[in-house]
Amino acid sequence: MNRITLSPRLRTSPFYASTVAAGLSDVTIYNKMVMPTSYGALKAEYERLLNGVAIWDVSAERQVEISGPDADACVQYLTARDLRKAKVGQGKYVAMCDHAGRILNDPVLMKLSGGRWWFSLADNDMLLWCKAVAAERGFDVEVCEPDVSPLAVQGPKAEDLIAELFGEEVRSLKYFWFTETNLDGIPVVLCRSGWSKQGGFELFLQDGSRGGELWDKVWAAGESYGIGPGAPNHVERVESGLVSWGGDNTPDSNPLELGMARYISVDTDVDYIGKAALQKVMAAGGPERLLVGLLVDSPATSSWPLPARTPVTLDGVEVGTMSAIVYSHRMQRTIAMAQVGRSVVEAGSTVQVEGPEGPMDATITELPFL
Ligand code: THG
């Protein structure tokens with residue numbers, strides 16, 4: 001078994017001690033932070049997410065805050081989506097691209113006020129990118145990583161728990177909308193969001209010295225709902241077709257290839273980095289590859305780890321890359337996510353992927369599976 005050597009270079013979260021006390025067994029590194037991935041009981045963690053309520057330390061979803069007189073213009077320039085209709089209190093799923101239209105990140109963008117925004121980020125060095133773009137473009141803004149650490153509460157019982165903690169009015173909070181509030185004086189931004197399709201909230205703790213306190217309060221109120229620890233769930237996210245940036249894409253992927261077309265503004269008056277490149281992709285007939293689901297003919301009834309992307313082939317020719325393969329407890333079969341050439345997808349071909357016991361046939365299907 002491999003172990004991770006902790007050091008100041010790898011940041012730990014304000015909830016770290018709480019996660020260890022809760023039996024943390026497995027972690028990954030995300031945005032140079034230690035991020036929990038399991039408490040040693042994957043099936044129980046899945047069941048809890050599907051049927052109950054789970055508490056996840058997702059502090060590694062760091063925020064980059066952009067504020068100041070030119071913040072709205074700067075955020076728009078960094079974002080491949082028309083933000084003119086974005087409202088204060090509303091989060092939006094967006095793509096940030098480089099000048100060639102390649103996706104650098106797929107954050108939830110939160111408009112805290114006119115002139116103050118958070119990118120709630122996947123795993124890439126966006127603080128550097130945002131600082132450089134802002135300075136080079138002469139935007140009058142402040143770019144920083146604030147003391148903000150999300151704690152996710154996910155699952156069908158999350159709403160009752162959050163309503164008990166924060167009041168009945170949270171039930172009317174719409175998907176991806178948020179409100180600035182506090183829990184017994186602990187400052188949080190409460191958002192109806194989270195990296196699962198089972199419902200729930202994220203509590204963006206705004207004081208890293210109070211992580212243990214916040215965790216304990218959520219846990220104590222959650223006991224009557226059977227709360228337990230969890231983490232972004234690999235099986236559920238594949239069933240739900242949620243994108244994992246850095247995993248599901250290759251470094252040259254554009255967001256149109258990742259199924260993000262409905263969150264991308266291609267024909268728009270607003271200017272942003274990568275727009276010309278994305279327009280070229282559409283003018284050429286659309287993306288060359290697509291992120292798809294695979295129904296895999298596998299005899300295995302449990303998931304196996306995929307430490308790296310592996311080839312998807314058609315008659316021995318590589319036509320894509322597979323980024324996740326899991327046994328879906330709900331579908332009772334093996335499913336996968338892969339980036340596959342569009343002509344192969346449109347032809348409806350049966351492709352092959354490598355399994356622990358040799359090649360397996362796989363049928364291409366649309367995401368999400370469920
Ligand atoms: N919450 C917060 N920050 C995050 C994530 C999160 N940062 C990292 C990562 N997750 C960013 N990536 C995603 C990917 C998918 C979704 C959210 C963030 C997501 N997508 C839905 C979908 O694709 O069906 C809904 C999108 C929509 O309807 O707008 O939820 O989870 N704070």
Side-chain angles (χ1 to χ4, degrees), residues 13 15 28-33 35-37 49 54-65 79-83 85-87 90-97 103-112 117-127 145-146 148-155 158 173-179 188-206 230-234 236-249 253 255-265 291-293 323-324 337 366-370:
S13 117
F15 312 113
T28 189
I29 302 299
Y30 195 95
N31 282 325
K32 301 187 179 72
M33 282 185 79
M35 179 159 89
T37 53
L49 171 61
I55 181 170
W56 300 357
D57 172 6
V58 287
S59 291
E61 297 169 349
R62 301 315 289 168
Q63 325 315 302
V64 164
E65 177 172 309
T79 305
R81 184 173 180 174
D82 184 344
L83 299 173
K85 291 195 182 126
K87 304 268 194 314
Q90 184 178 23
K92 280 186 180 287
Y93 186 39
V94 304
M96 303 171 84
C97 293
I103 184 164
L104 295 177
N105 213 286
D106 66 333
V108 178
L109 173 62
M110 299 163 73
K111 184 173 186 177
L112 295 150
W117 303 72
W118 286 347
F119 286 108
S120 186
L121 291 156
D123 180 21
N124 201 6
D125 288 320
M126 301 316 287
L127 182 63
E145 187 189 275
V148 173
S149 302
L151 181 66
V153 180
Q154 298 286 297
L173 203 58
K174 284 178 281 184
Y175 187 56
F176 269 26
W177 285 67
F178 60 89
T179 176
V188 299
V189 167
L190 177 66
C191 186
R192 191 188 284 272
S193 56
W195 206 57
S196 86
K197 284 287 174 187
Q198 305 313 312
F201 295 81
E202 291 177 301
L203 284 57
F204 293 74
L205 170 65
Q206 299 200 74
N233 191 281
H234 191 49
E236 194 275 345
R237 82 96 180 172
V238 175
E239 293 172 336
S240 299
L242 291 172
V243 171
S244 177
W245 183 90
D248 297 329
N249 57 301
S253 303
L256 303 170
E257 294 174 320
L258 293 186
M260 288 186 73
R262 65 182 177 283
Y263 311 115
I264 306 295
S265 309
L291 188 67
V292 294
S323 50
M337 281 169 81
E366 265 177 51
L367 293 171
F369 290 97
L370 294 174

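Atoms within a ligand are numbered from 1 in the order they appear, just like the ligands themselves.
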So the atoms of ligand 1 within less than 4.0 Å of a heavy atom of F204 turn out to be 32 (N)
Next item on the list: Consider ligand 1: state whether an atom of it lies below 4.0 angstrom from any non-hydrogen atom of M110.
Entry: no
If you scan protein heavy atoms around atom 6 (C) of ligand 1, the nearest is E61 OE2, 3.4 Å
_Please check: side-chain N/O of R81 versus main-chain N/O of Y93, any donor-acceptor pairing under 3.5 Å?_
yes
Minimal heavy-atom distance between L104 and N124, with the atoms involved, is O-ND2, 3.0 Å
Closer than 4.0 angstrom: is that true for some heavy atom of F178 and an atom of ligand 1? no
Output yes when a side-chain donor or acceptor of N31 lies under 3.5 Å from a complementary backbone atom of A122, and no otherwise.
yes
Closest to atom 9 (C) of ligand 1 among protein heavy atoms sits Y30 OH, 4.1 Å
of all protein heavy atoms, closest to atom 11 (C) of ligand 1 is D106 O, 3.1 Å
Taking the non-hydrogen atoms of S193, is any one of them nearer than 4.0 angstrom to ligand 1?
no
Restricting to heavy atoms, the pick from Y93, F176, Y175 nearest atom 13 (C) of ligand 1 would be Y93
shortest atom 26 (C) of ligand 1-to-protein heavy-atom contact is with Y263 OH, 3.3 Å
Heavy atoms of S323 and G247 approach each other most closely as CB-O, 3.3 Å
The reported gap from CZ in F201 to CD in Q154 (rounded to nearest 0.5 angstrom) is 9.5 Å
